[in-house]
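These notes concern the structure reproduced below.
When a ligand or atom number is given, it counts from 1 through the structure's own listing order. Numbering starts at 1 and runs along the sequence shown.
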Amino acid sequence: MIARSALETERRNATALNDAAIAELAQQFRGELIRPGDTQYDAARAVWNGAIDRHPALVSRCTGIADVQAAVRFARERDLLVAVRGGGHNVAGTAVCDGGLVIDLSPMKGMFVDPAARTARAQAGLLWGEFDRETQAFGLAAPGGIISHTGIAGLTLGGGLGWLMRRHGLAADNVQSADVVTADGEYLRASDEEHADLFWGLRGGGGNFGVVTSFEYRLHNVGPTVLAGVMLHHAAKAREVLRFYRDFIESAPNELTTIVVLRMAPPAPFFPPSVHGQPVVVIGACYAGSVDEGERVIAPLRRFGEPLVDLIQPTPYVSHQSLFDPTAPHGLGYYWKSEYVPLLSDALIDTLAERAWGVATPESYTIIFHLGGAVGQQDPGGSAFEDRRAAHAVNIDAVWSEPGQASACIAWTRELWEAVRQYSTGRVYVNFLGEEGQDRVRAAYGEAKYERLRVLKRTHDPTNFFRLNQNIRP
Ligand SMILES: Cc1cc2nc3c(=O)[nH]c(=O)nc-3n(C[C@H](O)[C@H](O)[C@H](O)COP(=O)(O)OP(=O)(O)OC[C@H]3O[C@@H](n4cnc5c(N)ncnc54)[C@H](O)[C@@H]3O)c2cc1C
């Protein structure tokens with residue numbers, strides 16, 4: 001069922017997007033143009049979060065900069081609502097709109113690795129799994145996320161937390177330049193040397209300032225084999241395990257990035273059946289250095305308590321990058337709330353131990369990202385990304401497969417989030433925001449950065465042409 005407002009928007013767009021107008025666009029466009037009624041329409045409008053059900057008037061599947069320019073100019077001339085799609089993964093579903101035009105970059109998967117310079121130029125439709133496959137052919141990698149089917153574009157523009165961040169910084173910290181189509185349909189390259197103000201805003205400021213068509217990343221030697229994987233403890237031991245974990249990571253070297261997940265153990269084939277469905281504390285680890293050194297570093301973690309399973313072992317980096325993929329399939333319903341915290345205090349640990357397993361569905365979970373290291377050592381004012389002081393980002397993620405489960409799932413997330421937010425730094429990672437309103441966008445950046453981003457927005461997008469995002473209002 002299309003909502004009434006969606007129908008009204010569609011009707012309004014029908015005039016702007018009649019056959020003649022689309023035929024005119026088609027003359028300047030190399031990729032596919034997909035409209036309601038076309039066989040590919042439902043696939044083209046679907047995003048990762050199955051709870052998002054929006055009906056754009058047109059999806060323009062771009063093949064390169066010229067297509068992006070044509071789509072931007074077409075939308076601007078007709079005053080169309082525009083959504084920009086990279087990997088289509090954002091939980092808020094801002095990659096698709098009701099009525100209006102989707103500028104879909106997913107066909108743009110070109111990539112060029114320069115192993116001598118240790119850089120890669122990557123088009124904005126790539127997913128992290130596709131990106132890693134190319135860089136790992138040379139034993140290189142750029143910091144990405146923890147799920148291989150997330151888009152490089154949205155993740156990088158918001159900052160980019162992942163398995164290599166404590167060693168090599170955020171995804172955004174490793175961008176050397178970005179090719180951008182502006183709200184006027186002009187092309188420019190942003191870097192420290194050209195359009196440096198825009199370059200500052202692109203690294204953390206999301207999709208507010210233009211369509212990024214490609215990024216140039218700095219690469220690092222990684223693997224191809226790394227010491228990585230997960231270990232599981234029973235949730236009955238959560239308090240002891242999380243306190244030990246907190247003290248252990250306090251002195252961990254930058255090479256080690258860990259992630260904790262509080263959930264019911266999924267029925268993954270690599271877990272013994274006796275563990276399936278049990279409430280567990282999952283400690284994930286990736287050591288971005290030699291395997292032997294990594295073994296020495298994680299030895300105390302292996303020795304602590306009685307893990308139900310210990311699967312931290314030498315493993316191909318690309319395999320580790322997709323280890324969590326089955327826990328985040330496309331098309332289920334998702335609702336997230338997130339906060340940065342300065343530390344895992346005893347009180348926060350107690351709150352999590354009491355409530356994190358009160359989930360409405362076994363697929364729901366709480367995930368604790370481990371920041372610090374190289375993330376915290378960069379200049380906090382050097383890019384739009386916030387918050388480099390935080391020790392962790394805590395995400396409370398509800399997941400459901402039946403629409404009838406949604407309200408109980410959302411209620412669990414909100415209640416646990418209310419309990420957790422008293423321990424927050426006051427900031428939230430912009431890429432983990434849902435549709436939460438302007439106060440939360442301001443909270444993501446803090447007042448000083450938000451004001452700087454506003455000035456930038458007034459310069460580069462004064463009419464707020466790019467507004468389906470965590471919006472900086474000009
Ligand atoms: C399962 C899952 C796992 C995740 N894991 C991590 C993680 O480990 N680390 C992390 O940091 N984040 C993670 N995220 C959050 C992720 O960074 C954001 O959802 C991000 O927006 C995804 O990028 P995308 O290109 O796939 O998104 P899309 O939904 O395609 O885009 C989101 C928004 O980004 C903007 N955008 C996208 N592409 C462009 C472009 N080329 N030019 C301009 N604007 C653009 C647009 O405003 C768009 O609305 C995860 C998300 C999911 C769903």
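A side-chain donor-acceptor contact under 3.5 Å links Y429 to the backbone of G160. In terms of modelled atom types and a separation under 3.5 Å, the side chain of T156 and the main chain of A153 share no donor-acceptor contact. Looking only at distances, a side-chain donor or acceptor of N431 sits under 3.5 Å from a matching main-chain atom of L155. Listed for the D67 side chain is a donor-acceptor partner under 3.5 Å among the backbone atoms of T63.
Ranking protein heavy atoms by distance to atom 46 (C) of ligand 1, first place goes to V84 O, 3.5 Å. For atom 35 (C) of ligand 1, the nearest non-hydrogen atom of the protein is G207 CA, 4.1 Å. Summary of contacts: the protein heavy atom closest to atom 41 (N) of ligand 1 is V212 O, 2.8 Å. The protein heavy-atom contact nearest to atom 33 (C) of ligand 1 is T94 OG1, 3.8 Å.
Interface of A124 with ligand 1, defined as ligand atoms under 4.0 Å from a residue heavy atom, comprises 41 (N). Atoms of ligand 1 found under 4.0 Å from any heavy atom of W48, numbered from 1 in the order shown, are 1 (C), 53 (C). The N469 neighbourhood of ligand 1 comprises atoms 47 (O), with distances under 4.0 Å to a heavy atom of that residue. Counting the atoms of ligand 1 from 1 in the order shown, those under 4.0 Å from a heavy atom of L157 are 39 (C), 40 (C), 42 (N), 43 (C), 44 (N), 45 (C). Numbered from 1 in the order shown, with element, the atoms of ligand 1 that lie under 4.0 Å from a heavy atom of G210 read 42 (N), 43 (C). If you number the atoms of ligand 1 from 1 as listed, the ones under 4.0 Å from a heavy atom of I146 come out as 7 (C), 8 (O). Close approach of ligand 1 to G160 (heavy-atom distance below 4.0 Å) involves ligand atoms 11 (O). Ligand-side atoms of ligand 1 in range of A153: 38 (N), 39 (C), 41 (N), range being under 4.0 angstrom from any heavy atom.
Residue L161 has at least one nitrogen or oxygen atom sitting less than 3.5 Å from a nitrogen or oxygen atom of ligand 1, judged on distance alone.
Proximity of N431 to ligand 1, defined as any heavy-atom pair under 4.0 Å, is shared by backbone and side chain alike. At a 4.0 Å heavy-atom cut-off, ligand 1 touches A328 through the side chain alone. No part of Y334 comes within 4.0 Å of ligand 1, judged by heavy-atom distances. Heavy atoms of F432 found under 4.0 angstrom from ligand 1 belong exclusively to the side chain. Only the backbone of L468 comes within contact range of ligand 1, with a heavy atom under 4.0 Å; no side-chain atom does. With a heavy-atom cut-off of 4.0 Å, W336 touches ligand 1 through its side chain alone. With a 4.0 Å heavy-atom cut-off, ligand 1 is reached by no atom of T213.
With 3.5 Å as the limit, one finds a donor-acceptor pair spanning the side chains of Q377 and N254. Remark: the T94 side chain and the N469 side chain contain no N/O donor-acceptor pair separated by less than 3.5 Å.
Heavy-atom neighbours of Q28 CD from other residues, nucleotides or ligands within 6.0 Å: above the threshold of 12. Within a 6.0 Å radius of CZ in R473, other residues, nucleotides and ligands contribute 12 heavy atoms or fewer. At most 12 non-hydrogen atoms from other residues, nucleotides or ligands lie less than 6.0 angstrom from CZ of R133. Counted within 6.0 Å of CZ on R389, heavy atoms from surrounding residues, nucleotides or ligands total more than 12; the atom is thus considered enclosed.
Under the 4.0 angstrom criterion for non-hydrogen atoms, G158 is not in contact with ligand 1.
Here the rule is salt bridge (Lys or Arg N to Asp or Glu O under 4.0 Å) with D173, and of R166, R388, R203 only R388 fits it. Exactly one residue among R85, H89, R54 makes a side-chain contact (heavy atoms from CB on, under 4.5 Å) with V47. That residue is R85.
To the nearest 0.5 angstrom, H195 atom NE2 is 4.5 Å from L188 atom CG.
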